[in-house]
Amino acid sequence: MKKFKRSIKFLFGILVFLSIVFGVLLFLAPSLFDWYCGFIGRDIDSYKSLVIVFYLCSPSAALTLLFLFKFLLQIKNNEIFSKETTKILKILSWCCLSIVPLSIPLCFHFLASFPIPAAGLFMWLFLTIIKNAFEYGAEIKDENDLTV
């Protein structure tokens with residue numbers, strides 16, 4: 001149980017760190033992308049596509065961070081197999097799926113960015129499967145609670 005609490009605290013720490021990095025990137029992204037495109041010798045169209053895709057995907061990233069916090073709170077409160085947890089997993093899966101069409105245009109400027117929509121699609125599939133398993137577990141838990 002001690003390792004479980006440490007693990008949850010560690011994951012909360014990682015989420016806080018990622019949230020801070022994301023918040024900083026919201027302000028510094030244009031200058032960082034400008035520097036990056038200049039460094040690798042790309043034109044203004046590549047810079048514009050990076051900025052546009054980043055800001056189009058930002059709401060999905062913010063929602064993902066928010067609902068990951070909620071998911072960890074559910075686990076911390078031992079409410080793992082519940083309707084709220086399955087709802088959170090469903091929202092997380094849709095956040096992952098939403099970046100797929102938004103990030104595909106970036107692949108036309110940066111071939112190395114192809115893993116972004118592929119990872120979004122994979123995570124959507126993975127989270128949907130996990131959500132279905134949690135939903136089934138919640139049904140079993142509800143049935144067991146009624147019989148006891």
Distance, nearest 0.5 Å, that separates [atom1] of [X] from [atom2] of [Y]:
X      : Y      : atom1 : atom2 : value
Ile14  : Lys9   : CD1   : NZ    : 15.0 Å
Phe114 : Leu106 : CZ    : CG    : 12.5 Å
Leu102 : Ser58  : CG    : OG    : 10.5 Å
Phe22  : Phe27  : CZ    : CZ    : 10.5 Å
Ile91  : Leu127 : CD1   : CG    : 12.0 Å
Ile130 : Leu125 : CD1   : CG    : 10.0 Å

Would a 4.5 Å heavy-atom cut-off, applied to side chains only, mark [X] and [Y] as touching?
X     : Y      : value
Cys37 : Phe110 : yes
Leu89 : Phe67  : no
Gln74 : Ser82  : yes
Thr86 : Phe81  : no
Glu79 : Glu84  : no
Lys83 : Lys87  : no

Considering all heavy atoms of both residues, which atom of [X] and which atom of [Y] are nearest to each other, and what is their separation?
X      : Y      : result
Tyr47  : Pro30  : CE1-O, 3.1 Å
Ser19  : Phe69  : OG-CE1, 3.5 Å
Leu121 : Val100 : N-CG2, 3.5 Å
Ile116 : Ile99  : O-CD1, 4.0 Å
Cys96  : Trp124 : CB-N, 3.9 Å
Cys95  : Ser98  : O-OG, 2.7 Å

Next on the checklist: Looking at Leu111, I want to see if its CG is surrounded by more than 12 non-hydrogen atoms of other residues, nucleotides or ligands under 6.0 Å.
Outcome noted: no
Item to check | Within residues 24-38 or reaching into it, pairs that qualify as side chain to side chain donor-acceptor pair (under 3.5 Å) - sequence neighbours excluded | outcome: none
Is there a path from [X] to [Y] through hydrophobic residues (I, L, V, M, F, W, Y) whose side chains come within less than 4.5 Å of each other?
X      : Y      : value
Ile75  : Ile140 : no
Phe126 : Leu68  : yes
Leu25  : Ile52  : no
Leu92  : Leu66  : yes
Val24  : Phe33  : yes

Item to check | Parallel, tilted or perpendicular, as decided by the 30° and 60° cut-offs, for the rings of Phe71 and Phe134 | outcome: tilted
Checklist entry - Any sub-3.5 Å donor-acceptor pair from Thr64's side-chain atoms to Ser60's backbone N or O? => result yes
